[in-house]
2 protein chains.
Amino acid sequence: MAEARKSTLWLVAERAGVSIASVSRVLNGQPASQRVTERVRAAAAELGYVPDATARSLKVGRTEQIALAVADVGNPVYVGMMHEISRVVTKAGYRLVLSSTGADPKDQIDLLVGLNRGFADGLILSPLRAPEELGTQLRASRFPIVIIGSVPPGVELDNVRADSVAGMALAVDHLAGQGRERIAFVNGPVDTVPGAARRNGYLTALKALGREPGTQVTARDFTYQAGLRAASTLLEKDTPDAIVCANDLLAIAALNVATRRGLRVPDDVAIVGMDDTDIADLANPAITSVNLGATKRARTAAKLLLRRLDKPDAPLRQVVIEPTLTVRDSS
Amino acid sequence: MAEARKSTLWLVAERAGVSIASVSRVLNGQPASQRVTERVRAAAAELGYVPDATARSLKVGRTEQIALAVADVGNPVYVGMMHEISRVVTKAGYRLVLSSTGADPKDQIDLLVGLNRGFADGLILSPLRAPEELGTQLRASRFPIVIIGSVPPGVELDNVRADSVAGMALAVDHLAGQGRERIAFVNGPVDTVPGAARRNGYLTALKALGREPGTQVTARDFTYQAGLRAASTLLEKDTPDAIVCANDLLAIAALNVATRRGLRVPDDVAIVGMDDTDIADLANPAITSVNLGATKRARTAAKLLLRRLDKPDAPLRQVVIEPTLTVRDSS
DNA sequence: CTGTTAGCGCTTTCAT
DNA sequence: ATGAAAGCGCTAACAG
């Protein structure tokens, strides 16, 4: 019989007195005789045998890994999405590879090239910025990709996105409905996907009400620190009775700046955030926030990818999640 | 010459008119003649060739992946650590596989078994709870592991931990130094690693000052919601002039409960958190917090693992990070 | 310097 | 039902 190839599988086979094929079968739950099954299980247990993931992947052509690339770790909304995606894919037997691309779009390109090396079976991508080149690379990918956010023009991929216009309308209508006259807007960079979408939503919502836009300021990025500066600038040059902010971090910054300037929230000025993250709840007063369905988007994206992994030829799906408004004490 | 094996490498080799070995060499930067190098590069570019990660891994015995298992995504301190670890390992050419184990220790066991399947080259583990069985499994692992937090007894692994006793002393001394008489403590579950350590620190710090412990309450977990309940309970039965909290989430909960009960912070009651996360800064008033060096612990852990991956026989290293106190407005 | 060849550990026909 | 053997795509001796 066989030369002593040393593959771990051989050790088990040898010990059980069967062929490696039988061992493989038993361990993968394929039909085998009672006798063989028992011997293999025993041998495997005694040896503490654990099959090698890499070898299996090479053979079957699947890594059982899913890659996730989110724009901005540090922003609680992405953390929440990550968590949810992790839950869903783990339950489906996949591992999550975190490719934390920063704000730099180049990282995303690198990632897509990397994906073609087959370290993961698919990718969930939530780009902060979507330059032309991203579309090109997206089209060239050999692996399934699901986009959270809008897909670049000409790219045919499953995707799920928020309805920023409807979301902003929720916020603006809420404020207008309680008689707020001067609704200002603290946005993040408008050259980002969410920045552009939310700005659009703000303008659209006011126009629908037949109103002129209020004062708009743009934070350098979507962080608390940038929000502090932006809110200061805003309150320096205007006295709005309501401030809509492009996310909760900016909102809590606006809240703190307003409070420190002696304004009462919500009496003097109402504040509304977006994303409805945990931190909206732990601010004091708690911040009213537009829930853009981040968790649901994440879950949906994960499921879309799992579906496509399962049936590569399933019809394309583009899902839009409807927003809701969580009213708290700041408005 | 050769039968048409279809390995992708063959396509490039064929096109370049060389052997697969030459292709491999060129692509891995090993010496080759000018002529071959050029032809291979050209062929690879034309074909859009990207080497397969799985096959390479199987051959070289390394996946270039590092697994990370943190106790509690959702707690900002872990998010920060994750971010830092991601940074360090990515720079070193590794991918990060996120194994978000929940509070259930069983998940950690599963993970360790999984690790033995070789999906990653090493693991960074930050256990929330460390039952006996974890130690057993830790000892049985065939792959390098770095622990953030204390190692279970009898386990010899690289590890890096915070000095909770020194950290608590910083907080307590600070409060005592400004004349606070009744220093209460809001802790998380004491059957967790940090819960036990911080409780110990609290008691030790007060004893060192020759004082009796103040009122202690235990939140159901380390979340904001649990903190609200715990803080309510505390302020129901006592009127401390200072509250130390086992983390920033609990601290911000205590802050809000105190404020809502009409207490002025820091005048009536001072509040100090631990971990010194972003949210300590965005509370109003901003919360004084003990910096237990989370980022540094994370970075150190990542480097320890990279070092061990590089030299498996390097001497064991156990690092303790010294805490500092970030004084803000709540004390 | 370059090509041939032997596997890495596993799954999966294909015979038996 | 079981075993022998052929690779998955790549790297690394070893020859030449």
Side-chain angles (χ1 to χ4, degrees), chain A residues 1-41 43-44 47-64 114 116-121 142-143, chain B residues 1-41 43-44 47-64 114 116-121 142-143:
Chain A
M1 194 167 72
E3 345 76 279
R5 291 228 206 115
K6 45 190 168 240
S7 153
T8 316
L9 208 45
W10 271 94
L11 267 45
V12 180
E14 209 167 33
R15 178 147 194 149
V18 299
S19 72
I20 60 168
S22 291
V23 177
S24 177
R25 283 192 202 100
V26 170
L27 266 32
N28 290 338
Q30 286 171 43
S33 71
Q34 190 71 50
R35 217 181 65 84
V36 169
T37 303
E38 277 167 13
R39 303 191 56 141
V40 169
R41 287 209 195 294
L47 265 43
Y49 172 75
V50 183
D52 182 88
T54 304
R56 178 168 213 285
S57 289
L58 179 58
K59 186 62 191 175
V60 302
R62 287 177 292 109
T63 60
E64 320 231 288
N116 281 331
R117 304 191 349 173
F119 70 81
D121 301 336
R142 303 181 306 143
F143 291 88
Chain B
M1 195 170 65
E3 347 74 280
R5 292 229 205 115
K6 45 190 168 244
S7 152
T8 315
L9 208 45
W10 269 95
L11 268 46
V12 181
E14 209 167 33
R15 177 147 195 150
V18 299
S19 72
I20 59 168
S22 290
V23 178
S24 177
R25 282 191 203 101
V26 169
L27 267 32
N28 291 337
Q30 287 172 43
S33 71
Q34 190 72 50
R35 216 181 66 84
V36 169
T37 302
E38 277 168 12
R39 302 192 56 141
V40 168
R41 288 208 194 295
L47 265 42
Y49 172 75
V50 183
D52 183 86
T54 305
R56 177 168 214 286
S57 289
L58 179 58
K59 184 62 191 175
V60 304
R62 286 175 294 109
T63 60
E64 319 229 291
N116 281 330
R117 305 189 351 172
F119 70 81
D121 301 336
R142 311 191 334 246
F143 291 87

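The chains referred to below are lettered A, B, ... by the order of the sequence lines, with proteins before strands, and numbering in each begins at 1. Fair warning: this is a prediction, and the values are worked out from it, not measured in the lab.
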- Note on the structure: Of all heavy-atom pairs linking A:Val12 and A:Ala43, the shortest is O-CB, 3.8 Å

- Using whole Å, report how far CZ of B:Arg56 lies from C1' of D:dG9. 12 Å

- Ignoring hydrogens and angles, are the base of C:dG9 and the side chain of A:Lys59 linked by a donor-acceptor pair under 3.5 Å? no

- Tell whether B:Arg117 reaches the base of C:dG9 with its side chain through a donor-acceptor pair below 3.5 angstrom.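 A donor-acceptor contact between them is absent.
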
For [X] and [Y], indicate whether the former's side chain and the latter's backbone hold a donor-acceptor pair under 3.5 Å.
X: A:Arg39; Y: A:Ala16; result: yes
X: A:Arg142; Y: A:Asn116; result: yes
X: A:Asp52; Y: A:Thr54; result: yes

At less than 4.0 Å, is any side-chain N or O atom of [X] found next to OP1 or OP2 of [N]? Yes or no.
X: A:Ser57; N: C:dC10; result: no
X: A:Ser33; N: D:dT2; result: yes
X: B:Ser24; N: D:dT11; result: yes

- Message: Can you tell me which nucleotide in C:dC1, C:dT12, C:dC10 comes closest to the side chain of A:Val60?
- Response: C:dT12

- Message: Considering every strand and a 4.0 Å limit on heavy-atom distances, what is the contact class for B:Ala32: base, sugar-phosphate, or nothing?
- Response: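 Sugar-phosphate contact only - B:Ala32 comes under 4.0 Å of backbone atoms but never of a base.
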
